[in-house]
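In each ligand, atom 1 is the first atom listed, and ligand 1 is the first ligand listed.
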Amino acid sequence: MPDGEHRGDDLTAGARFAPSVPARQEPFPLKGCGALDWGMQSRLARIFRPESGRTVMLAIDHGYFQGPTTGLERVDLSIVPLLPYADALMTTRGMVRSTVPAAARIPIVLRASGGPSVLRELSDERLAVSMEDAARINAAAVAVQVFIGGEHETQSVRNMTRLVDAGQRYGIPVLAVTAVGKELTRDARYLRLATRICAELGAHFVKTYYCAADFDTVTAACPVPLVMAGGTKLPELEALTMAYRAVEEGAAGVDMGRNIFQSRDPVAMIRAVGAVVHESAKPDDAYDQYLREPHPAG
Ligand code: R5P
């Protein structure tokens, strides 16, 4: 029997119960995610900064279907120095285990679908990672491509719903990535359709492209957070303007790859994107900030 009980001390008789103070309960601040299990919320809170409710995800998963993409030839040299400025890293388990330092403490959004290379029909994907392995990697979320209107639409939706079922069991959120084939128009009508289907079928957050007209209707119709995809490399001011408009019109941040790592100065660019996303810096101001950073020689 513990000594305290012999002495008659009551170890629970402190004076700090504050019975008149209602228990504090903070609602989870992310759109549509308040009813998720604690583990899911905790992982999402690693990706989305609680103070802004937004994220700057750095996407470097391109190699899973197109090999060593320009700027990603040596992830150890080009990407690892960017990690302190990213809120999360979207990448593959191969790159995580071979190259991403565990001590970087960067939340991983793990690419979990794949199959076809850029030489084949891209929509013919399968799940490529088990949820058990995602948990072993300590993934903050898993990502799956969804090809609405694509040749293998149903298969890709099935990949997502299976991943959501597994994610629910492990408390790992699923990011649905709306992939737009060459033949489809990236307008608000299409993006509303694709993002809403992903959310209705259980995706915890969705990645989608920006469209110049009515993007606010895309974010409004999607009941979970949307992150804006970057797409092909644009001049820096244009990319910052697109990110600014996307968050002003309801996106919960960005998931950008080439517009960061193919920039002349990737560190300056990801810092400028961060200013837009987290501080609502105007595009011109963020671009000035980008220009003021000392550019690397060559
Ligand atoms: C897109 O479907 C994949 O997730 C890409 O590999 C990547 O995320 C695209 O990033 P970005 O278009 O910004 O280079």
Side-chain angles (χ1 to χ4, degrees), residues 47 55-73 75 78-79 82 85-96 106-118 120-129 139-150 152-153 156 159-160 163 174-182 184 186 190-191 194-195 198 203 205-211 226-236 238-243 246-247 251 253-263 266 269-270 272-274 276-277:
I47 298 169
T55 186
V56 175
M57 289 172 53
L58 178 60
I60 63 153
D61 59 327
H62 309 57
Y64 92 95
F65 69 100
Q66 62 182 30
T69 305
T70 303
L72 298 178
E73 299 88 342
V75 166
S78 62
I79 299 300
L82 303 180
Y85 309 104
D87 295 311
L89 183 68
M90 183 179 185
T91 187
T92 58
R93 64 176 166 185
M95 202 52 78
V96 169
I106 183 87
I108 299 294
V109 177
L110 191 65
R111 164 58 59 185
S113 64
S117 77
V118 71
R120 305 297 287 255
E121 166 53 42
L122 285 175
S123 68
D124 192 17
E125 287 195 350
R126 301 291 188 278
L127 289 182
V129 173
V142 289
V144 57
Q145 219 73 354
V146 180
F147 296 85
I148 299 301
H152 297 275
E153 175 185 79
S156 71
N159 291 339
M160 186 196 77
L163 204 61
V174 172
L175 170 65
V177 182
T178 59
V180 183
K182 290 188 190 69
L184 294 167
R186 293 179 195 183
Y190 172 79
L191 297 176
T195 57
C198 292
F205 60 129
V206 180
K207 170 175 173 172
T208 197
Y209 289 98
Y210 180 72
C211 59
L226 279 185
V227 289
M228 185 204 78
T232 48
K233 174 77 174 70
L234 300 168
E236 278 75 5
E238 280 180 44
L240 292 167
T241 302
M242 183 170 73
V247 294
V254 300
D255 183 15
M256 295 172 95
R258 287 164 287 176
N259 276 292
I260 292 173
F261 62 70
Q262 292 180 351
S263 168
M269 186 57 181
I270 195 169
V273 171
V276 165
V277 169

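- Summarising the geometry, atom CG belonging to L89 is positioned 9.0 Å from atom CG belonging to D61; distances are rounded to the nearest 0.5 Å.
- With a heavy-atom cut-off of 4.0 Å, M256 touches ligand 1 through its backbone alone.
- The side-chain contact (heavy atoms from CB on, under 4.5 Å) check on Y190 picks up I148, V180, L184, D187, A194, with sequence neighbours excluded.
- Near M90, meaning under 4.0 Å from any of its heavy atoms, are these atoms of ligand 1: 4 (O).
- Which of H62, M228, K233 comes nearest to atom 11 (P) of ligand 1 through a heavy atom is settled by distance: it is H62.
- Not a single donor-acceptor pair under 3.5 Å links the side chain of D255 to the backbone N or O of A229.
- Side-chain N or O atoms of S156 include none that pairs as donor or acceptor with a backbone N or O of S123 at under 3.5 Å.
- Polar contact check, F65 against ligand 1: no nitrogen or oxygen pair lies under 3.5 Å apart.
- A heavy-atom separation below 4.0 Å is found between G231 and ligand 1.
- Heavy-atom proximity to G230, at under 4.0 Å, picks out these atoms of ligand 1: 13 (O).
- Taking every heavy atom of Q145 and a limit of under 4.0 angstrom, the matching atoms of ligand 1 come to 1 (C), 2 (O).
- Not a single donor-acceptor pair under 3.5 Å links the side chain of S113 to the backbone N or O of V144.
- At least one heavy atom of R111 sits under 4.0 Å from some atom of ligand 1.
- The protein atom (non-hydrogen) at minimum distance from atom 13 (O) of ligand 1 is G257 N, 2.7 Å.
- Evaluation of the salt bridge (charged side-chain N to carboxylate O under 4.0 Å, His left out) rule for R126 yields D124 as partners, not counting sequence neighbours.
- At least one heavy atom of D61 sits less than 4.0 Å from an atom of ligand 1.
- Between the side chains of S263 and E236, at least one donor-acceptor pair of N or O atoms lies under 3.5 Å.
- Heavy atoms of K207 come nearer than 4.0 angstrom to ligand 1 in at least one pair.
- Counting only heavy atoms from C-beta outward, the side chains of K207 and M57 never approach each other to under 4.5 Å.
- In the vicinity of R258, heavy-atom distances shorter than 4.0 Å reach the ligand 1 atoms 11 (P), 12 (O), 13 (O), 14 (O).
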